[in-house]
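Every number for a ligand or one of its atoms is a count from 1 in the order of the listing. Just so you know, these numbers use all the heavy atoms, side chains as well, and skip hydrogens, waters and symmetry mates.
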Amino acid sequence: MSGSATLGFVGIGNMGVPMAAHLLAAGYDLIVYDVRPEVAQAFVDGHGGRRADSLADLAESASIIITMLPNSDIVEQVVFGGGGGSKDRLIDALTPGKTIIDMSSSAPTRTVALGAKLADLGIELVDAPVSGGVKRAEDGTLTIMAGGRPEAVARCRPVLEAIGERIFETGALGSGHAMKALNNMVSAAGLIAAAEALLIGRRFGLEPDVMIDVLNASTGRNNSTEKKFRQFVLSRSFASGFSLDLMLKDLTTAVKLGHDTDTPAPLSSLCRELWAAADSQLGEGADHTAVVRWLEALAEVSLEALPNSDEGQASEAS
Ligand code: NAD
């Protein structure tokens, strides 16, 4: 399919920009839409492709439509309308045989319901959320977890391969979204655990930079100790490109999945509560790594490099 199909991409945000850019680089004809026309236009000016004037315009041109949107509410609004916003929606121009790939981190049960509604109209839905963050989206090395009918996933595979490095077929529709929420629950718990260790260690007199080195060479290592603390916390940038409210959404999805499946998951619930408290304190727009700022305030100790310490230089250099 590479290069010949017209693809539509809805949601030109932190992740959408690099993902859509990889589709253009793979030779696809691409039409993009964002509720903020200026970001869609900036993408077209910088990378190429065309900007759709409306969702209906995009649905008419594209045979496969990718959504990379904040949550299930917005995915459903984009497809079927509602929510008190504009009357523009994809469904008005979607004809049978077209496919939607929802690459957002959506709620699995809602994905299953959306898929059933679309199937009645002859439209296929595949869920294919991603892991790896903005950096790996830029590098084209995202992990993708794809759920849906095997034939549908197979049809979408070349598109997914243009965006990601490892594509896992997780099972029926919704399984990708379930897996994504569970992954982020593990990731969020790892970040909090490492932050608490660093705060305790600092109070005892250990240097954060030294602790990160030791953790990364030891069994306490995780993705946050390797890819987040030095880069976004010790550097004080708190700018990973993944917002705290999106992380909280994923944790809420994971905890609900625990309830729905009658699985006791006390640590997951506590972890979600911590992130919810941080979200309400830090407010809209906070990066998810800023959860450490909130923990620092609770502990009344900062991981910031001490003045005249060479720790700050080491952080900046990484
Ligand atoms: P983002 O907020 O940067 O981008 C979302 C985009 O959707 C924005 O450009 C916004 O204007 C657009 N949008 C919102 N409502 C819309 C509507 N009604 N119609 C059209 N466009 C609309 O978010 P992001 O960080 O790119 O994340 C997107 C999805 O990917 C989320 O579900 C998130 O949980 C998931 N995700 C993010 C990361 C990350 O590191 N940022 C990593 C993996 C998964």
Atoms in ligand 1 with a heavy atom of Val78 nearer than 4.0 Å = 17 (C), 18 (N), 19 (N)

task = Look at atom 6 (C) of ligand 1 and say which protein heavy atom is nearest, naming residue and atom and giving the distance to 0.1 Å.
result = Asp34 OD2, 3.7 Å

task = Return the residue, atom name and 0.1 Å-rounded distance of the protein heavy atom closest to atom 43 (C) of ligand 1.
result = Val130 O, 3.5 Å

message = When you compare the side chains of Thr143 and Arg136, does any donor N or O come within less than 3.5 Å of an acceptor on the partner?
response = yes

message = Is it true that His288 and Ser240 share a donor-acceptor pair across their side chains at a distance under 3.5 Å?
response = yes

key: Those atoms of ligand 1 less than 4.0 Å from some heavy atom in Ser104   = 32 (O)

ask   = Is there side-chain contact between Met103 and Ile163, with heavy atoms separated by less than 4.5 Å?
value = yes

remark   = re atom 2 (O) of ligand 1, the protein heavy-atom contact at minimum distance is Pro70 CG, 4.6 Å

ask   = Less than 3.5 Å between some nitrogen or oxygen of Val39 and one of ligand 1, yes or no?
value = no

query = Heavy-atom contacts under 4.0 Å between Lys249 and ligand 1: side chain, backbone, both, or neither?
reply = side chain

task = Considering only non-hydrogen protein atoms, determine which one is nearest to atom 44 (C) of ligand 1 and report residue, atom name and distance to 0.1 Å.
result = Ser105 OG, 3.6 Å

query = So which of Asn14, Asn183, Thr143, Asn184 gets nearest to atom 3 (O) of ligand 1, if we judge by its closest heavy atom?
reply = Asn14

key: Any non-hydrogen protein atom less than 4.0 Å away from atom 23 (O) of ligand 1   = yes

query = Does some side-chain heavy atom of Ile65 sit less than 4.5 Å from a side-chain heavy atom of Ile101?
reply = no

message = Test of understanding: given a 4.0 Å heavy-atom threshold, classify the contact between Ile74 and ligand 1 as side chain, backbone, both, or neither.
response = side chain

Side chain to side chain, Trp294 and Ser280, heavy atoms closer than 4.5 Å = no

query = Does the N or O separation between Lys180 and ligand 1 drop below 3.5 Å for any pair?
reply = no

query = Of the backbone atoms (N, CA, C, O) and the side-chain heavy atoms from C-beta on, which set of Ile12 has a member under 4.0 Å from an atom of ligand 1: side chain, backbone, both, or neither?
reply = backbone

message = Heavy atoms only, cut-off 4.0 Å: how does Val35 contact ligand 1, side chain, backbone, both, or neither?
response = both

message = Starting from atom 30 (O) of ligand 1, what is the nearest protein heavy atom, named by residue and atom, and what distance separates them?
response = Met68 CE, 2.9 Å

message = I want to check something: taking the side chain as every heavy atom from C-beta on, are Val79 and Asp102 in contact at a cut-off of under 4.5 Å?
response = no

inquiry  = Heavy atoms only: which of Asn71, Leu246, Asp287, Leu69 lies closest to atom 32 (O) of ligand 1?
reply    = Leu69

query = Is there a donor-acceptor contact under 3.5 Å linking the side chains of Ser235 and Arg230?
reply = no

task = Measure the OG-CG distance between Ser104 and Asn71 for me, rounded to the nearest 0.5 Å.
result = 8.0 Å

ask   = Between CG of Asp127 and CZ of Arg110, what distance do you get to the nearest 0.5 Å?
value = 14.5 Å

ask   = Got an N/O contact under 3.5 Å between Val10 and ligand 1?
value = no

inquiry  = With no hydrogens and no angle check, just 3.5 Å: does a side-chain donor-acceptor pair link Asp45 and Gln41?
reply    = yes

key: Pairwise distance CD(Glu124) to CG(Leu173) - rounded to 0.5 angstrom   = 8.5 Å

request  = Look at atom 26 (O) of ligand 1 and say which protein heavy atom is nearest, naming residue and atom and giving the distance to 0.1 Å.
outcome  = Met15 N, 2.9 Å

message = Using a 4.0 Å cut-off to any heavy atom of Arg36, which atoms of ligand 1 qualify?
response = 8 (C), 9 (O), 11 (O)

query = Do Met247 and Asn184 touch side chain to side chain, with heavy atoms closer than 4.5 Å?
reply = yes

inquiry  = Checking a contact table here: which protein heavy atom is nearest atom 41 (N) of ligand 1, and how many Å away?
reply    = Gly241 O, 2.9 Å

task = Quick one: look up the protein heavy atom nearest atom 4 (O) of ligand 1 and list residue, atom name and how far away it is.
result = Gly13 CA, 3.3 Å

ask   = Does some side-chain heavy atom of Leu215 sit less than 4.5 Å from a side-chain heavy atom of Ser218?
value = no

